[in-house]
Amino acid sequence: MQSRMGAILCNLCNEENIFIFIAVAMSDVYSPPERVAVESHCRGMETYKAMYKESVEEPHKFWGRIAEQFFWKKPLPTDLNDFMKYNFNVTEGPIKIEWMSGAQTNICYNALDRNVENGLGDRVAFYWVGNNPEDKGQITYSELLADVCKFSNALENIGVKKGDRVAIYMPMITELVVAMLACARIGAVHSIVFGGYSADSLATRICDAGAKILISADGVYRGTKMIKLLEIAVSAMEKSAEQGQEVTHHVCVSHIPRITGSDAEQQKNEETIARVWNDKRDLWWHEVMRDSSTEHECAWMDAEDPLFMLYTSGSTGKPKGVLHSTAGYLLYAATTFKYSFDHQPANDVYWCTADIGWITGHSYVTYGPLLNAATSVLFEGTPFHPTHKRCWEIVNEYRVSKFYTAPTAIRALMKFGDDQTKDYDLSCLKVLGTVGEPINPEAWQWYHKIVGNSQCSISDTYWQTETGGHIITPLPGATPTKPGSACFPFFGVVPEILDEEGKVIEGEGEGYIVFKQPWPGIMRTVYGDHDRFEKTYFSKFPGYYMSGDGAKRDKDGYIWITGRIDDMLNCSGHLMSTAQIESVLVEHPDVAESAVVPIPHNIKGEALYCFVTLNQNAEFTQELVTKLRNMIREKIAPFASPDFIQEAPGLPKTRSGKIMRRVLKKIANDDKDLGDISTMADSSVVDVLVEKRREMMEKK
Ligand code: PRX
C-alpha cells in the first residue's frame with residue numbers, strides 16, 4: 001500500500017512548507033499489489049535477496065539451472081570455471097567476456113522450434129496491429145516458424161552465410177521478426193537500423209558493418225504520413241556503394257498495397273518503385289518466399305558466436321556497433337523478460353510499444369517474449385493516431401496485461417488529461433514498464449494511478465543497448481517501489497557507485513554507476529573496434545564496466561539514475577551524442593564552429609540547444625536556421641531535430657581552447673548562476689550569448 005505520509009502532510013501545506021511536502025511525497029513507497037504478487041515468479045524481497053545472492057556468488061548454479069530449460073546442441077560446460085570467464089581490468093590484459101563457452105545452441109530454435117515441439121504451435125505469437133485501426137492480423141508460433149524457415153532458405157539461396165552481416169531497415173511488421181530470426185537461424189549477424197533514420201545514417205551503418213544484404217519494405221504510414229522507406233533504402237545503397245560497400249542483394253516487402261491508405265499515396269508508391277527499382281539487386285519478399293521450403297535445419301552456433309549488432313551513439317560522434325553474442329544474450333533476454341514483467345505464459349498478453357529498431361525491441365519485442373512463448377502485440381503505429389486514446393483502445397481490445405513504454409510517451413499522454421482512460425476497461429493490466437530515460441515522479445504517479453488504477457506494479461527498467469537487458473529494475477511481485485527510482489540490481493548484476501577518483505561510495509551517495517562483473521547479456525565488443533570498446537567502457541575505472549550514467553543511492557539502498565555524465569543527451573528516449581550533431585552543423589559552409597547542449601523539455605525529457613559560430617561575412621538568418629535543422633534531419637534523423645539554434649559570435653572556452661559546455665548549458669537554460677568562470681579565456685562572450693538568446697526567444 002502507498003505510504004500515506006505525503007497525503008497527511010498535504011493537509012498541513014502552506015506556501016512555506018510546500019517543498020517539504022513535495023520531498024516527502026516523492027519518497028512514497030508502493031508495495032507490490034497482491035494480485036500481482038500472488039502469481040509472481042519472485043514473491044517478496046526475501047526471495048529476491050536469496051535469488052540475487054546466488055546469482056552473484058554462484059553464477060554457474062543460478063544461470064546453469066535457467067540454461068537447462070533451453071535446448072543445447074552441445075552441452076553446457078561442466079567445469080564451473082568455464083561457465084563464466086572474464087577480465088574487466090584493462091591493466092591486466094584485453095577485456096574479455098565469455099559465457100558457457102563450448103556449448104552450442106541456436107536462439108531461433110529456442111524461440112520457435114522448441115515451443116512448437118512443446119505443443120504450443122497454435123499459440124498466437126503476435127497480434128499485429130497496424131497504424132490504421134482497420135489493419136490487423138495475427139501469427140502463431142507454427143506459422144512464424146514456417147515463415148522463418150522459408151526466409152532462412154531464401155537468404156541462403158542468395159548466398160548469405162554464417163557470420164555475414166545483414167542490414168535490416170523495416171517497419172513494425174511481422175516480416176521484420178521473420179527477417180531477424182532467419183538471420184539468427186542461419187548464423188548471419190543482423191544489424192537492424194531504426195526505420196526513422198535517414199539514408200546517410202543507414203549508409204554509414206551498412207558500410208561499418210560491411211553488409212552486402214539489405215532487407216527493407218516499400219513504405220509505412222506514421223500517423224497520416226507515408227514514409228517512403230524504399231526510396232531511403234535505395235539512396236542509402238547508392239551512398240554506401242560510393243564509399244566502397246556494395247549491397248549485392250536487397251529484399252523488399254511490398255507493404256503499402258496491403259494496408260489502408262489513400263489511392264494517391266498508393267499511386268506515389270508505385271511511381272517510386274518504378275523509378276528506383278533495380279532488377280539486378282532488388283528482390284520482392286513475396287517472390288523469394290513463394291517457392292521456398294518450410295523445412296530448414298538451423299545452424300548450430302557456438303555460445304560466443306555473434307548474434308547481432310546494433311548501433312548506438314558514441315561520444316566521438318561515430319556510432320558504435322554494439323555486438324551481442326548468442327548464448328549469454330539468449331539467457332539474459334529470456335530471464336529479464338520473465339522476471340521484470342512477471343510473465344505468465346498461459347494468460348498474459350504483453351505489449352511493448354518500442355520499435356524493434358532499438359534494443360528494447362530486440363530484447364523485449366522479439367527475443368525475450370518468444371523465448372518465453374509469450375503472446376504479444378506488435379504495433380506498427382504511434383500512440384497518437386488516430387487519437388491519443390489508441391493505446392487504451394489496444395489494451396482494452398487485446399486484454400493486455402503487461403505494458404511497456406517510454407516516459408516520453410507517458411508525459412505526452414498525460415497532457416490529454418486524466419479522463420482519457422475512462423471509456424476503456426483497463427482492469428486487465430498488471431505490470432506497467434518504463435524504459436529509456438529517467439521517469440519523473442509525476443509521470444510515474446500518473447502512470448500508476450490513471451493507467452494502472454493503482455492496481456499495477458510499475459517496473460522502471462534501467463539498461464542500455466550495451467547491457468542487452470535490464471540491469472537495475474524492480475521485480476513486480478517483490479520490490480516496494482519508489483517513483484523515479486529503478487530500485488535494485490537484476491540477478492547477476494553487481495553495481496557500485498564511484499566518485500571521480502574511482503573510490504567506492506558505500507551507503508548513501510552519488511557518483512558514477514559502474515558494474516563489477518559480467519551478466520550473461522552484456523555486449524562483447526564494438527564491432528571491428530575492440531580498442532574503442534575498452535576505452536569507452538573500461539578505461540576510466542579499471543576493473544569496472546562504466547555505463548556513462550550517474551546515479552545516487554538513497555538511505556534505503558534504492559538506486560536513482562540521474563542521467564548521462566558524458567557528452568550525450570537523451571531526447572525522447574533516443575540517445576545522441578552532442579558531437580554527432582555538431583559535426584553535421586559544421587558541414588554547412590557558413591558555420592565555423594558549433595556546440596550542442598541538452599535543455600530540459602517537459603515531454604521529450606531533453607531537447608537539443610545548438611550554438612553556432614558563423615564564418616566571417618556569413619549572416620545568421622531564419623533561412624539558415626531552417627537549413628541547419630533540415631541538414632540534421634537528413635543526415636541523422638527527424639527525431640534529432642533541434643529545438644533551438646542560436647547564433648554564437650564566440651563560444652566560452654578555457655585558455656587551452658576547450659569549449660565550456662557547462663557554461664553553455666547554463667546560458668541555454670537561462671540560469672544566471674554561471675558558476676566558476678575564472679578559467680575562461682574571454683568572459684565577455686557570455687554577455688553576448690545571453691543577449692543573443694534573449695533576442696531569439698523574443699522572436700519565437
Ligand atoms: O542514460 C540511460 C538511459 O538511456 C541510456 C541507454 O540508451 P540506449 O542504449 O538507447 O537504450 C535505451 C533502452 C534501454 C542509458 O545509458 N536510460 C535507459 N533506461 C533508463 C535510463 N535512464 C534512467 N532510467 C531508466 N529506466
Side-chain angles (χ1 to χ4, degrees), residues 155 160 164-173 175-176 179-180 183 188-220 222 225-253 255-256 269 272-273 275-278 281-283 285 308-314 317-323 354-359 361-362 465 526-528 574-577 580-581 583-584 587 630-641:
L155 284 177
V160 184
D164 288 352
R165 279 81 54 218
V166 173
I168 301 180
Y169 184 70
M170 292 171 87
M172 289 286 282
I173 53 180
E175 286 86 349
L176 170 51
M180 64 200 292
C183 288
V189 180
H190 58 72
S191 169
I192 304 181
V193 180
F194 171 57
Y197 271 117
S198 65
D200 280 276
S201 296
L202 176 56
T204 310
R205 287 156 177 76
I206 289 174
C207 292
D208 187 79
K212 293 198 191 97
I213 308 289
L214 173 67
I215 307 166
S216 80
D218 51 356
V220 67
R222 287 219 178 92
K225 191 167 174 233
M226 186 172 79
I227 316 284
K228 294 181 181 173
L229 294 174
L230 174 63
E231 197 170 51
I232 303 170
V234 168
S235 160
M237 287 188 284
E238 285 164 5
K239 286 171 193 276
S240 59
E242 281 163 20
Q243 295 165 52
Q245 184 59 44
E246 187 93 30
V247 171
T248 56
H249 294 88
H250 162 230
V251 184
C252 182
V253 177
H255 182 51
I256 294 293
N269 188 46
T272 308
I273 295 166
R275 183 163 41 83
V276 303
W277 196 262
N278 172 348
R281 175 196 63 200
D282 303 332
L283 301 154
W285 174 285
F308 68 83
M309 55 202 284
L310 182 58
Y311 285 87
T312 187
S313 299
K318 185 174 178 265
K320 302 181 289 254
V322 168
L323 193 80
D355 194 286
I356 292 178
W358 306 113
I359 190 67
H362 281 61
T465 305
V526 169
Y527 181 77
H574 303 314
L575 197 62
M576 282 174 260
S577 74
Q580 187 185 11
I581 315 284
S583 66
V584 174
E587 274 180 39
N630 286 341
M631 278 173 72
I632 293 172
R633 294 172 73 89
E634 274 161 33
K635 303 241 170 223
I636 303 175
F639 62 74
S641 187

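Sequence neighbours left out, not one pair with a member in residues 226-245 passes ring-ring contact (aromatic ring centres under 6.0 Å, His included).
Gln245 places a side-chain N or O within 3.5 Å of a backbone atom of Ala211 that can act as its donor or acceptor partner. No donor-acceptor pair closer than 3.5 Å links the side chain of Asp164 to the backbone N or O of Ala188. In terms of modelled atom types and a separation under 3.5 Å, the side chain of Arg633 and the main chain of Ser641 share no donor-acceptor contact. A donor-acceptor distance shorter than 3.5 angstrom exists from the side chain of Gln580 to the backbone of Ser577, with no hydrogens or angles considered. With hydrogens and angles ignored, the 3.5 Å screen pairs a side-chain donor or acceptor of Ser198 with a backbone N or O of Ile636. A donor-acceptor pair is defined here as one N or O able to donate and one able to accept, closer than 3.5 Å; no such pair exists between the side chain of Ser240 and the backbone of Ala203. Judged by distance alone, with hydrogens and angles left aside, the side-chain atoms of Lys320 form a donor-acceptor pair with the main-chain N or O of Ser313 at under 3.5 Å.
Here the CD atom belonging to Glu238 is positioned 9.0 Å from the CG atom belonging to Asn278, to the nearest 0.5 angstrom.
Aromatic ring orientation, His362 versus His190: tilted (interplanar angle from 30° to 60°).
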- prompt: Is there a side chain to side chain contact (heavy atoms under 4.5 Å, CB included) between Ile227 and Ile232 once you walk through the steps?
  reply: CA-CA 9 Å; Ile227 316 284; Ile232 303 170; 4.2 Å; yes
task: Check the pair Phe194 / Tyr169 against ring-ring contact (aromatic ring centres under 6.0 Å, His included), numbers first and verdict last.
output: CA-CA 6 Å; Phe194 171 57; Tyr169 184 70; 8.6 Å; no
query: Could you go step by step and tell me if Val526 and Leu323 meet the side chain to side chain contact (heavy atoms under 4.5 Å, CB included) rule?
result: CA-CA 6 Å; Val526 169; Leu323 193 80; over 6 Å; no
message: For a side-chain hydrogen bond (donor to acceptor under 3.5 Å, both in side chains) check, start with the C-alpha distance between Ser201 and Thr204, then their side-chain angles and the critical distance, and finish with the verdict.
response: CA-CA 5 Å; Ser201 296; Thr204 310; 5.8 Å; no
- request: Show your working on side chain to side chain contact (heavy atoms under 4.5 Å, CB included) between Val247 and Ile213 and close with a plain yes or no.
  value: CA-CA 5 Å; Val247 171; Ile213 308 289; 5.8 Å; no
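Closest approach of Lys635 and Asp200 over heavy atoms only: O-CB, 3.6 Å. Shortest non-hydrogen contact noted between Gly219 and Ile256 is C-CD1, 3.5 Å. The two residues Ser235 and Ala199 make their nearest non-hydrogen contact at OG-CB, 3.3 Å. Counting all heavy atoms, side chain and backbone alike, Ile192 lies closest to Gly357 at CG2-CA, 3.8 Å. Closest heavy-atom contact between Cys252 and Leu230: SG-CD1, 4.0 Å. Between Gly196 and Ala637, the shortest heavy-atom distance links the atoms O-CB, 3.5 Å.
Contact of the Met170 side chain with the Leu229 side chain is not registered, since no non-hydrogen atoms from C-beta on lie closer than 4.5 Å. You'll find the side chain of Phe308 stays beyond 4.5 Å of the side chain of Ser191, heavy atoms only. Looking only at side-chain heavy atoms (C-beta outward), Ile215 and Trp285 come within less than 4.5 Å of each other. The side-chain heavy atoms of Lys228 and Asn269, taken from C-beta on, include no pair separated by under 4.5 Å. Two residues are said to be in side-chain contact when any heavy atoms from C-beta on lie closer than 4.5 Å; Ile359 and Val322 fail this criterion. Between Cys183 and Leu155, some side-chain heavy-atom pair lies under the 4.5 Å cut-off. Put simply, the side chain of Val253 does not reach to within 4.5 Å of the side chain of Asp218, judged on heavy atoms. Looking at Met226 and Val220, their side chains never come closer than 4.5 Å, going by heavy atoms from C-beta outward.
Taking 4.0 Å as the cut-off between side-chain N and carboxylate O, Lys318 and Asp208 count as a salt-bridged pair. Ion pairing of Arg281 with Glu246 is absent here, as no side-chain N (NZ or NE/NH1/NH2) approaches a carboxylate O to less than 4.0 Å.
Counting non-hydrogen atoms of other residues, nucleotides and ligands closer than 6.0 Å to NZ of Lys212 gives a total of 12 or fewer.
Side-chain atoms of His250 and Asp282 include a donor-acceptor pair closer than 3.5 Å.
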